[in-house]
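Presented below is the structure to which this report refers.
A note on names: the letters A, B, ... follow the listed sequences, proteins ahead of strands, and every chain is numbered from 1. All of these numbers come straight from a predicted model, not from anything done at the bench.
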Protein chains: 2
Amino acid sequence: MTERPLACSQHNHDHCIDDALSAARTLCAERGVRLTDLREQVLALIWDSHKPLGAYTLMEMLSEESTRRVAPPTVYRALDFLLEQGLIHRINRLNAFVGCPSPEHQHHSHFLLCNDCGVAVELESDKLDKDILSAARNAGFSVEAHSLEVTGLCARCQTGKV
Amino acid sequence: MTERPLACSQHNHDHCIDDALSAARTLCAERGVRLTDLREQVLALIWDSHKPLGAYTLMEMLSEESTRRVAPPTVYRALDFLLEQGLIHRINRLNAFVGCPSPEHQHHSHFLLCNDCGVAVELESDKLDKDILSAARNAGFSVEAHSLEVTGLCARCQTGKV
DNA sequence: CCAGAAAGGTTATATAGTAACATAACCACT
DNA sequence: AGTGGTTATGTTACTATATAACCTTTCTGG
C-alpha cells in the first residue's frame, strides 16, 4: 500500500517543530555556525505548518511577535542563512519557503504541492535523482542542481473529490 | 554518442524564429484563437534567443520598437495568452519566459538552464514524466502539472572548464 | 451598421527582493 | 576589563516583478 507522507496525515505537529528545531541546533553547532534567536524564530515560524510561507507574511508574523518593526532585509538574511544550511527550501513557484525535514544531508528540492490545502511535501527519490541526472547528461549537460515542483492534490484532499 | 540540443549548437537561428512563428500561426488558426500583432511581436522577441526573457526586459524591447510606451499589463496579457496556448514556458527560477519548440502537444515544463551562457534547453523525456508521476503517486498524490528546472553547464560552456 | 465580446491602453498599486550604510553583539586577544 | 575585528541586525531607500480596476479600441457575427 502507499504510505502517506507525514505532512498529509494526522500527526502531532508539535513534534515536527521540536524535532526540526533541535536538529537545527545540533547541525549548526556541528558546523560552527550561529543559529541566532532571530534565525531560530524564523525557522520556528516556517515550521508552524507544512505550508510554504512568503517572506512578507513571515515579516508580519515577526513584527507581531516582537513590538519592533521588522524590515525586509532582516527576514531575507535569516532566510538566506537557513537556505545555506539546508534547513529550509525555497519553492520558486510560490516565492515561498518551507522547512526541510532532513537537513542533515544536502539534497535537491523536490516537492509535491497541494493546490487545495497548500501543503508542501518533500519528495525524496534516489531513482528520480538518477533519472534526472541521466536525462540531463544525455543532452550534454553537466548538472549542478535541480528542483522539481509537482502540483496536484494531496492524499487527504483527494478524498471525496473524484 | 550524446546529441547536443539545437539551442547549444551552431545553427541558423532565423529558422528557429520562423518555424516558431509559423507553427504558432497554424496552431492558433486551428484553435480559433487570435494571434494578434502584439502577441506575435512578443513571441518573436522571446524567440530572439534561446535565453529566457523577463517581462520587463520584454517591455523595454517593445517600447523601443514602437514609439508608444508599453505598460506592464500589456506585456503580461500577451504572455498569459502565449502561456495558455503552450507557445512559451515560464521559468520560475528566473521569473522569465522562453519559447516552446513543440507547442503542438501539451507537456510539462522541464528545462536545463546554463549558468554560464543562460541558454534554456527543453528536456523532453517520457521516461522522466512517468518516473515523476509514479514517485508522486507513491506518496498518494494526484498530479496536475510538474516543472523541473535543472541548472548547470550546457555542452558548449563546459568545454575548457573542466 | 450595430451590439457584444475580446484585446489593448492607462493609472495606480500590490508584492517580492536588494543595495548601502549605520549600529549592535560577539569573540579573541591582550 | 579594554580593544579591535568579525558577524549579525537595524534602517532607509530603492529596484524588480506582477496585478487590479477601469476605460477605449478593435474585431466579429448578426
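- Considering only the side chain of Pro72(B), dT19(D) comes nearest among dG8(C), dT19(D), dT18(C).
- Taking atom CG of residue Leu35(A) and atom P of nucleotide dT7(D), one finds them 17 Å apart after rounding to whole Å.
- The rotation axes computed at either terminus of the helix from dC1(C)-dG30(D) to dT30(C)-dA1(D) lie 30° apart, taking five pairs at each end and rounding to 10 degrees.
- Contact between Glu124(B) and Ser102(B) at its shortest, heavy atoms only, is OE2-OG, 2.8 Å.
- In this structure, CG of Asp80(A) is placed 16 Å from P of dA16(C), rounded to the nearest angstrom.
- When distances are taken from the side chain of Tyr56(B) to each of dT12(D), dA18(D), dA6(C), the shortest belongs to dA18(D).
- Residue contacts shown for Thr74(A) include a base, since a base heavy atom lies under 4.0 Å away.
- Listed nucleotides dA8(D), dG10(D), dT17(D) differ in distance to Thr36(A); the shortest reach to its side chain belongs to dA8(D).
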Verdict with reasoning, Val143(B) to Ile132(B), per side chain to side chain contact (heavy atoms under 4.5 Å, CB included)
CA-CA 9 Å; Val143(B) 174; Ile132(B) 290 170; 5.8 Å; no
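- Mapped onto DNA chain D by nearest heavy atom, Arg39(A) and Gly54(B) fall at different nucleotides, with Arg39(A) at the one closer to the 5' end.
- Ring to ring, His13(A) and His15(A) are not that close: their centroids are 6.0 angstrom or more apart.
- In this structure, Ala96(B) and Arg68(A) both approach DNA chain D, and ranking their closest nucleotides by distance from the 5' end singles out Arg68(A).
- Comparing dG10(D), dT9(D), dT18(C) against the side chain of Pro73(A) picks out dT18(C) as the nearest.
- For Tyr76(A), the listed nucleotide lying nearest its side chain is dG17(C); candidates were dG8(C), dG17(C), dT19(D).
- The CD-C1' distance, from Gln41(A) to dA8(D), rounds to 15 Å in whole Å.
- A salt bridge does not link Lys130(A) with Asp126(A): none of the charged nitrogens is closer than 4.0 Å to a carboxylate oxygen.
- Closest contact between the side chain of Leu38(A) and the listed nucleotides dA18(D), dT9(D), dT12(D) involves dT9(D).
- The phosphate of dT9(D) (OP1 or OP2) has no side-chain N or O of Arg69(A) nearer than 4.0 angstrom.
- If you measure from atom CZ of Arg93(A) to atom C1' of dT17(D), you get 17 Å, rounded to the nearest angstrom.
- Linking ILVMFWY side-chain heavy atoms closer than 4.5 Å, directly or via other members, places Leu82(B) and Leu62(B) in a single hydrophobic cluster.
- His89(B) has its ring centre no less than 6.0 Å from the ring centre of His110(B).
- For Ala71(B), taking side-chain heavy atoms from C-beta onward, the closest of the listed nucleotides dT28(D), dA8(D), dT10(C) is dT10(C).
- Using a 4.0 Å heavy-atom criterion, one finds that Arg77(B) contacts the bases of the nucleic acid, with or without backbone contacts as well.
- Distance CD1 (Ile91(B)) to P (dA18(D)): 13 Å, rounded to an integer number of Å.
- Counting to the nearest Å, the P atom of dT19(D) and the CG atom of Leu79(B) are 10 Å from each other.
- Counting only distance, with no hydrogens or angles, the side chain of Arg31(A) and the backbone of Gln85(A) share a donor-acceptor pair below 3.5 Å.
- The interatomic distance linking Leu58(B) (CG) with dA18(D) (C1') rounds to 14 Å, in whole Å.
- OP1 and OP2 of dT7(D) both lie 4.0 Å or more from every side-chain N or O belonging to Arg34(A).
- Atom P of nucleotide dT15(C) and atom CG of Asn92(B) are separated by 19 Å, given to the nearest angstrom.
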